[in-house]
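Below is one structure, written out as structure tokens; comments come after it.
When a residue number appears, it is its place in the shown sequence, counting from 1.
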Amino acid sequence: MFHRIEGHESLRSNMDADALLNPERRMLRVMQSKGHHEWTLTEILTQCNWKDQAVAVGAGHGLTNAGFAKTNETNSEIIRLAEEGRKAIENGLLEARLWKWISESQSPKMSDLQSQFERHEAGPGVGLLKRLGVQLEGGVFVSENPSLVSSEIASRKSFLDELPAAPEALDSEMLQHFKSRRGLIESVISTTRTWSITKDGKAIESNALIEKQSVSEITTELLQSDAWKDAEFRPFDVTLESATPRTGRSHPMQALIERVRSIFLEMGFSELVDDYVQTAGWNMDALFIPQDHPAREMQDTFYLENPQSIDLPEHLTDAWGAIHEHGGETGSVGWGGSFSAETSKKGLLRTHTTVNTIQYLAANPTAACRVFSVDRVFRKEAIDRTHLPEFHQIEGIIMEEGANLQMLVTTLKTFYAKMGYPEVRVRPAYFPYTEPSLEIEVKWRGKWLELGGAGIFRPEVTEPLGISSPVLAWGMGLERLAMLVLGLDDIRQLYISDLEWLRNQPIL
Ligand code: PHE
């Protein structure tokens with residue numbers, strides 16, 4: 001399989017020889033010695049007296065850019081040994097080892113084979129032998145034509161010995177055979193380059209190609225003496241491609257958390273960090289989520305065995321009970337039914353970070369505040385492309401006199417604009433603890449994606465805690481946002497430690 005990439009000529013037009021680097025001068029001089037010639041890498045290396053391929057490739061690249069040479073790249077397929085193939089070279093092919101054992105034993109029995117070979121070898125091994133015409137008769141291996149088996153195995157071995165090689169140079173039946181077996185051989189594309197001189201390259205006078213003494217490294221000695229004044233400095237070509245150094249860096253999730261954090265800090269928020277072991281009381285009752293709400297069921301929430309129950313002050317369970325049963329002092333009618341303080345005390349893994357903001361408000365009910373958190377929450381979700389049982393929420397509240405819906409929407413829009421998503425819209429939604437409630441959507445690749453919920457806490461939530469000003473609140477999915485930022489269509493990619501992927505992630 002061959003295909004040719006057209007060489008590109010003269011990107012920098014009218015370059016003169018003066019700007020050429022020493023390796024480029026040397027290579028061009030060599031190429032001038034033969035008018036029409038396709039120079040291979042080996043030829044260039046010997047003629048220029050270089051050992052390092054990178055020098056030749058670099059010089060060829062430079063000359064091509066200057067319009068003095070033309071690069072031709074040919075990609076060709078090479079068949080080489082893969083992991084299992086290298087092992088087979090060292091230890092012998094599986095069928096060769098089995099055949100040796102069969103040939104050397106008096107009565108080669110299937111039952112003995114299992115003790116002589118590993119289980120993962122015995123099964124496929126018998127299959128290989130059968131295809132070579134070795135039969136099992138009464139549990140014993142027999143072959144009608146042993147020399148044919150031996151010669152087939154020998155030619156398989158010599159096939160592997162020939163690698164690496166171009167597919168054209170190989171026996172095609174053997175190649176098909178090995179392609180159908182797992183991990184023995186692999187095909188790789190290798191690039192071969194040749195260079196030829198152009199008309200402009202030929203026109204350069206040879207004395208313009210004398211190598212310059214140039215300084216490529218600036219030393220203290222050079223700077224201390226006066227020598228630097230007359231020195232020729234080797235210019236750097238910052239447009240050349242180079243290898244990316246592999247350095248330690250933050251995981252993209254961590255980097256994203258840092259970015260979210262700095263945006264909220266910049267907007268005047270303080271960060272709240274709190275435990276994820278919580279009571280159903282704070283996680284749900286305080287937020288006026290009815291005790292028979294489906295989200296509270298075992299199949300949605302991780303309840304704990306230890307601690308199964310966490311004590312709560314009676315004044316709290318009483319206050320929540322009153323609100324839930326008849327609305328307390330708020331004028332609300334509540335949910336009716338009877339409230340259970342025992343249910344409140346159940347230990348669980350928080351299902352949202354709102355459990356922490358509500359406790360912050362309970363402890364600081366009157367001072368105006370702007371608080372956010374980026375933290376882990378837990379829900380019993382089956383893992384799939386868009387769901388994980390452990391994920392993160394970006395949570396925030398603003399409490400102050402006169403806070404209103406417009407302010408909430410503006411704050412969220414500002415946050416997403418700072419994240420790089422200027423198109424945000426809100427839609428009416430429902431949460432038991434907010435009124436009005438909204439859903440936040442962000443436009444991404446022409447589609448609206450839902451990223452979270454928000455609203456203004458209801459009096460049923462704020463009044464029992466003695467909160468006097470309106471509280472704007474929101475909770476948004478961090479992984480969802482990560483999927484947008486990193487362009488993922490599978491959320492699991494974030495947590496599988498795929499090193500290759502991690503290395504290639506942008507720095508956030
Ligand atoms: N807690 C909600 C959730 O988990 C989000 C939310 C937070 C909604 C605050 C309104 C107010 O999805």
Side-chain angles (χ1 to χ4, degrees), residues 1-80 162-170 175 186-217 231-246 503-504:
M1 189 214 344
F2 283 98
H3 64 270
R4 224 148 211 266
I5 295 178
E6 265 308 300
H8 20 247
E9 243 180 289
S10 190
L11 295 178
R12 282 185 254 160
S13 58
N14 286 332
M15 266 231 15
D16 57 322
D18 212 40
L20 289 181
L21 303 176
N22 283 340
E24 293 166 350
R25 287 166 188 247
R26 190 182 298 188
M27 182 159 160
L28 189 55
R29 246 183 13 242
V30 163
M31 289 171 84
Q32 282 183 341
S33 69
K34 281 191 208 172
H36 299 280
H37 186 67
E38 290 265 330
W39 295 83
T40 64
L41 182 64
T42 334
E43 285 172 326
I44 293 292
L45 288 176
T46 31
Q47 295 293 315
C48 293
N49 200 14
W50 287 329
K51 290 208 174 58
D52 188 352
Q53 297 193 3
V55 177
V57 174
H61 188 79
L63 288 174
T64 303
N65 272 349
F68 299 147
K70 206 174 140 171
T71 309
N72 284 307
E73 283 182 1
T74 311
N75 287 341
S76 54
E77 188 186 4
I78 297 282
I79 305 292
R80 64 178 189 198
E162 273 177 63
L163 302 184
E168 299 80 11
L170 293 167
L175 181 58
E186 63 192 3
S187 148
V188 285
I189 300 296
S190 83
T191 303
T192 327
R193 289 189 188 80
T194 56
W195 295 272
S196 53
I197 193 163
T198 61
K199 220 167 85 218
D200 287 350
K202 280 183 210 158
I204 304 286
E205 293 204 19
S206 63
N207 56 6
L209 294 179
I210 295 168
E211 291 176 42
K212 291 190 284 192
Q213 286 295 89
S214 66
V215 178
S216 59
E217 205 181 336
E232 282 254 18
F233 290 96
R234 179 178 183 268
F236 287 106
D237 184 350
V238 292
T239 63
L240 283 180
E241 266 188 51
S242 67
T244 312
R246 296 226 159 123
R503 276 184 193 125
N504 292 320

task: Check the pair Thr194, Thr74 against side chain to side chain contact (heavy atoms under 4.5 Å, CB included), reporting the backbone distance first and the verdict last.
output: CA-CA 8 Å; Thr194 56; Thr74 311; 5.7 Å; no

task: Give the intermediate values and the outcome of side chain to side chain contact (heavy atoms under 4.5 Å, CB included) for residues Thr192 and Ser76.
output: CA-CA 8 Å; Thr192 327; Ser76 54; 4.2 Å; yes

Side-chain donor-acceptor distances from residues 49-60 under 3.5 Å, at least two apart:
| from | atom 1 | to | atom 2 | distance (Å) |
| --- | --- | --- | --- | --- |
| Asp52 | OD1 | Ala54 | N | 2.9 |

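Scanning both residues, Ser196 and Met31, for their nearest heavy atoms gives C-CE, 3.3 Å. In this structure, Arg80 and Pro164 approach most closely via the heavy-atom pair CB-CB, 4.0 Å.
None of Leu20, Leu21, Thr71 except one satisfies the side chain to side chain contact (heavy atoms under 4.5 Å, CB included) rule with Leu63; the exception is Leu20.
The side chain to side chain donor-acceptor pair (under 3.5 Å) search around Thr191 returns Asn75, not counting sequence neighbours. By the side chain to side chain contact (heavy atoms under 4.5 Å, CB included) test, Ala203 is found to be paired with no residue, residues two or more places apart in sequence or in another chain being considered.
Counting only heavy atoms from C-beta outward, the side chains of Asn72 and Glu38 approach each other to under 4.5 Å. Side-chain contact between Trp195 and Lys70: absent, with no pair of heavy atoms (C-beta onward) separated by less than 4.5 Å. Between Ile78 and Ser187 there is no side-chain heavy-atom pair separated by less than 4.5 Å. Counting heavy atoms from C-beta on, the side chains of Ile79 and Glu186 never come closer than 4.5 Å. At least one side-chain heavy atom of Leu175 sits under 4.5 Å from a side-chain heavy atom of Pro167. Contact check for Ile197 versus Phe68: no side-chain heavy atoms found under the 4.5 Å cut-off. Contact annotation: the side chain of Arg193 never approaches that of Leu41 to less than 4.5 Å [non-hydrogen atoms, C-beta and beyond]. Within the 4.5 Å cutoff, the side chain of Trp39 has no heavy atoms near those of the Met27 side chain.
Pairs of residues two or more places apart, or lying in two chains, that qualify as side chain to side chain donor-acceptor pair (under 3.5 Å) and include a residue from residues 25-37 are Arg26-Glu211, His37-Glu43.
We find the NZ-CG distance between Lys202 and Leu28 to be 11.5 Å, quoted to the nearest 0.5 Å.
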